[in-house]
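Below: one structure, written as structure tokens.
Just so it is clear, the structure is predicted and the values come from calculations on it, not from any experiment. Chain identifiers are assigned alphabetically (A, B, ...) following the order of the sequence lines, protein sequences preceding nucleic acid strands; residue numbering begins at 1 within each chain.
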2 protein chains.
Amino acid sequence: MRSRGRLALPQILTLGFLSIILIGTILLSLPFSSAAGHATSYINAFFTATSATCVTGMTVVNTALHWSLFGKIVILILVEIGGLGFMSFAVLLFVFMRRKMDLTTQLLTQQSLNLQSFANTRSIVMLVIELSLSIQLLGTGLIFIDFYPRYGFVKGLGYSIFHSISAFCNAGFDLFNNSLVRFQNDPYLLFVLTCLIISGSLGFLVWKDLLLYRKDHYLSLHTKLALTTYLGLIIISFIVFLITEGNFSNESHLTVFQRLMNTYFMSVTPRTAGFYSYPMTKVSMGGMFFTMILMLIGGTPGSTAGGLKTTTVGILLIRVWATLRGKRDATFWGRRFSDDNVQRSLTLVFLVAVVLSIATLILTITETIPKHFGIEYILFDVVSAFGTTGLTLGLTPHLTIIGKLIFAVLMFMGRVGVFTVMYSLLTSKRPEDAFRYPEENIMIG
Amino acid sequence: MRSRGRLALPQILTLGFLSIILIGTILLSLPFSSAAGHATSYINAFFTATSATCVTGMTVVNTALHWSLFGKIVILILVEIGGLGFMSFAVLLFVFMRRKMDLTTQLLTQQSLNLQSFANTRSIVMLVIELSLSIQLLGTGLIFIDFYPRYGFVKGLGYSIFHSISAFCNAGFDLFNNSLVRFQNDPYLLFVLTCLIISGSLGFLVWKDLLLYRKDHYLSLHTKLALTTYLGLIIISFIVFLITEGNFSNESHLTVFQRLMNTYFMSVTPRTAGFYSYPMTKVSMGGMFFTMILMLIGGTPGSTAGGLKTTTVGILLIRVWATLRGKRDATFWGRRFSDDNVQRSLTLVFLVAVVLSIATLILTITETIPKHFGIEYILFDVVSAFGTTGLTLGLTPHLTIIGKLIFAVLMFMGRVGVFTVMYSLLTSKRPEDAFRYPEENIMIG
Ligand SMILES: [K+]
Ligand SMILES: [K+]
């Protein structure tokens with residue numbers, strides 16, 4: 001019984017996400033879901049459902065034009081399920097059904113949210129869900145102030161709901177043809193969206209700590225590291241993009257403040273949101289390369305973000321720095337990282353490197369690269385899929401069927417898989433044979 | 001006394017290599033070293049000396065045309081010093097001076113060659129050096145059989161010596177305009193060169209084990225892992241290049257066997273040798289990307305190779321596989337890898353990723369990318385410098401001064417630095433404060 005529950009842990013999450021994607025695929029392939037009333041091909045419905053559930057925002061058909069209102073609502077629901085996480089929804093269902101959670105579910109939720117004690121699992125999950133919905137509601141209101149004069153009441157409200165959810169869940173879906181390029185000169189909207197994006201990508205655990213801080217006066221090491229890395233990355237990104245893009249000095253129709261706002265928007269969005277106010281194809285090579293690094297890093301674990309996660313990168317930078325300084329322990333704010341944490345982070349980075357390399361290699365054979373592009377045409381979109389960012393240099397809409405399948409796997413791994421892999425890591429502590437092979441050192445590097 | 005010796009370990013190696021590069025720079029900048037009798041600019045002399053000492057083979061001036069006979073001999077000596085390693089030379093000097101090695105030197109040599117016991121350090125180093133020189137002599141003879149009819153006795157012999165040393169030391173310097181492209185239809189020469197390349201890139205430790213095998217009937221875990229990874233990589237590379245390049249089916253002037261030989265040559269050379277028989281600019285995008293991966297992996301530690309090293313990649317693949325299978329230990333051939341080994345390998349990979357990303361980002365700003373190239377124009381050469389491979393897509397000869405300096409640092413780190421970093425890792429075990437911060441877990445991935 002006990003080992004069944006343990007073994008099932010990663011499978012439950014994986015199968016859960018897969019079922020949602022499959023239900024989404026079926027719904028989106030119905031003629032009713034497309035604006036034209038035709039059935040959408042299974043592969044395109046599958047790609048869109050995966051992209052929505054994995055909050056990536058990559059599209060092979062135009063979201064605004066291809067889908068009917070019903071189709072758009074299906075996408076939104078998939079985004080919300082993917083964004084808040086499969087587990088929170090399971091808990092929510094249990095709460096509504098007024099059934100006590102069985103122990104397996106409680107353990108699963110607790111581990112997925114990294115909670116310290118059994119007692120308040122349910123109430124904290126409820127708190128986080130309430131907070132998420134409140135922020136999305138507030139976001140809708142703030143966006144509506146901007147959209148009402150532009151689009152009128154009904155369309156304005158619909159658009160506000162859609163983009164508030166899409167921003168908070170870091171999904172990156174938009175109902176305009178080219179993301180937010182038309183709002184380059186609208187610092188208010190860009191600022192509201194970055195607030196939503198940041199709120200959504202901090203993760204449940206950070207929110208829990210922040211919400212309980214007034215009562216407990218305690219921040220976990222996780223929260224401290226996540227917030228520090230997050231803030232550090234935004235500042236570094238802002239400086240790098242100021243240098244590589246020269247603060248968009250050739251966009252003469254924008255004021256200096258508006259340009260700064262676009263640089264700021266560019267510093268926040270690539271890590272997982274996937275919105276853009278400046279077309280990626282016009283970004284410099286340096287900016288494009290740095291965007292790739294940001295997409296690879298991603299957001300905070302336990303959030304809607306994909307990628308390696310800020311805590312992974314933070315812990316490794318601290319570990320490498322400690323190693324280079326000849327120190328035994330990697331420490332941060334008076335706490336020491338466990339060897340397990342460090343080794344799991346490092347294994348994750350290597351594993352991701354192997355997976356992305358193999359995907360890229362296959363895609364160089366199956367896909368066609370236009371004359372004026374290099375390897376970045378494939379590499380950028382591969383990293384974007386894994387980071388569940390959804391930015392593209394142009395490859396995604398032209399993917400072959402093999403390409404679409406590989407991208408679906410990458411999005412899935414970015415959102416669920418790495419998590420699942422980490423679960424296998426965490427649960428590998430079952431009793432093993434007492435016999436171990438003798439240890440022997442080899443030469444490294 | 002003891003801590004002084006320990007602290008000096010990485011510095012001795014670093015300063016040793018640096019002094020050799022500086023002496024080489026001064027010699028190469030003399031008017032006497034250039035064919036035209038003009039002084040070579042310090043930056044170009046420095047770049048060439050670094051490239052030779054770090055056995056990379058990257059050039060900013062044409063080796064055959066720019067340098068005089070004296071200049072070419074200076075380059076060869078730098079290659080031989082860099083190739084056999086600074087430490088072996090130090091031992092060699094001691095042997096010639098008939099002085100007993102002091103304990104620090106003995107420890108240093110022993111650690112750098114990963115020997116198990118004090119007793120036979122000197123004799124084993126001598127054995128390895130004798131073997132190296134014998135192989136290079138044999139290689140010269142085998143190449144001369146091919147070059148004598150082509151170039152006559154004097155030029156043929158000179159060319160044979162130069163290319164035998166360059167191949168065995170995996171330096172990649174050549175005296176032709178475009179590496180070995182003119183020998184595409186000469187399977188004999190290509191085969192001899194791959195034999196030299198492989199012999200040179202196995203590393204001292206593997207050679208020691210192989211040489212003593214008839215007596216000891218023992219292969220260390222290091223040797224087993226290095227040989228397995230090496231063989232595996234050649235087979236995988238051969239298959240991948242057969243697919244991506246279609247066995248050069250459009251090179252109608254070559255027989256099928258000659259084409260297979262070129263594919264084989266392409267599978268052996270990118271990992272650190274840097275010779276090519278087929279121009280990199282004509283290779284497909286997939287082949288180019290896979291070549292980058294091979295350059296990044298590099299050869300065996302303790303050899304003339306740069307890059308991450310085969311054992312690092314081997315140990316990590318085994319560790320990741322064990323992790324995914326839920327196993328506690330990473331084992332190979334009945335031996336268990338130590339946690340230290342695994343963590344150092346992982347740290348190395350992450351550190352290298354950070355260094356190469358920063359270098360690439362700076363170069364996207366300082367260098368100019370031609371219209372029909374993408375990010376690979378910079379990324380490929382960056383990886384090539386770090387892997388001390390020396391292949392180029394065309395950037396290296398056009399580097400700016402900042403670019404040349406960054407590349408010199410990358411070559412140096414590829415050949416010496418990672419090694420040095422690992423030394424700092426190995427020697428971090430000095431007594432530390434008894435006080436350690438309390439441990440706390442964070443959420444990963
Ligand atoms: K996204
Ligand atoms: K080389």
Side-chain angles (χ1 to χ4, degrees), chain A residues 114 205 221-222 225 244 285-286 289-290 293 301-302 309 311-312 315-316 319-320 323-324 326 328-329 331 334-336 338 341 343-351 357 360-361 364-365 369 371-377 418-419 422 424-425 428 432 436-445, chain B residues 114 205 221-222 225 244 285-286 289-290 293 301-302 309 311-312 315-316 319-320 323-324 326 328-329 331 334-336 338 341 343-351 357 360-361 364-365 369 371-377 418-419 422 424-425 428 432 436-445:
Chain A
N114 209 11
L205 191 57
L221 182 63
H222 171 91
L225 181 65
T244 62
M285 194 62 87
F289 183 71
F290 194 70
I293 295 175
K309 308 288 162 30
T311 48
T312 314
I315 204 173
L316 293 185
R319 174 68 264 179
V320 164
T323 301
L324 293 178
R328 179 180 50 181
D329 293 341
T331 59
R335 285 287 182 282
R336 173 161 57 89
S338 69
N341 263 185
Q343 186 148 336
R344 272 167 208 158
S345 306
L346 287 165
T347 312
L348 182 66
V349 170
F350 183 72
L351 183 62
S357 297
T360 304
L361 186 60
T364 55
I365 298 165
I369 301 177
K371 262 270 175 269
H372 53 294
F373 277 107
I375 191 76
E376 73 273 11
Y377 186 71
V418 178
F419 198 60
M422 294 326 293
S424 333
L425 283 173
S428 70
E432 284 201 43
R436 300 176 82 182
Y437 285 116
E439 188 175 293
E440 183 174 336
N441 272 298
I442 67 161
M443 200 170 171
I444 302 289
Chain B
N114 211 10
L205 191 57
L221 183 61
H222 171 91
L225 181 66
T244 63
M285 194 62 88
F289 182 72
F290 193 70
I293 296 175
K309 308 286 163 27
T311 48
T312 314
I315 204 174
L316 293 185
R319 175 68 263 180
V320 164
T323 301
L324 293 179
R328 179 179 51 181
D329 294 339
T331 58
R335 286 288 181 281
R336 174 162 55 90
S338 69
N341 263 185
Q343 186 148 334
R344 273 168 209 159
S345 306
L346 288 165
T347 312
L348 181 68
V349 170
F350 183 71
L351 183 63
S357 297
T360 304
L361 187 60
T364 56
I365 298 166
I369 300 175
K371 262 271 175 269
H372 53 294
F373 277 108
I375 191 76
E376 72 275 10
Y377 186 71
V418 178
F419 198 61
M422 293 327 292
S424 332
L425 283 173
S428 71
E432 283 201 43
R436 299 176 82 182
Y437 285 116
E439 188 175 293
E440 184 175 336
N441 272 297
I442 67 163
M443 201 171 168
I444 302 287

Part of A:Ile365 lying under 4.5 Å from any heavy atom of chain B: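 Contact with chain B is through the side chain of A:Ile365 alone.
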
Closest-packed option against chain A by number of heavy-atom pairs under 4.5 Å, given B:Thr364, B:Thr244, B:Val349: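 Looking at each of B:Thr364, B:Thr244, B:Val349 in turn, B:Thr364 comes out on top.
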
Minimum heavy-atom distance between A:Ile375 and B:Glu376, given as atom pair plus value: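 Looks like N-OE1, 2.8 Å.
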
Atom of A:Ser357, atom of B:Ile293 and distance for their closest heavy-atom approach: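 Minimum heavy-atom contact is CB-CD1, 3.8 Å.
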
A:Leu316 side, atom CG; B:Phe350 side, atom CZ - distance, nearest 0.5 Å: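 One finds 4.5 Å between CG of A:Leu316 and CZ of B:Phe350.
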
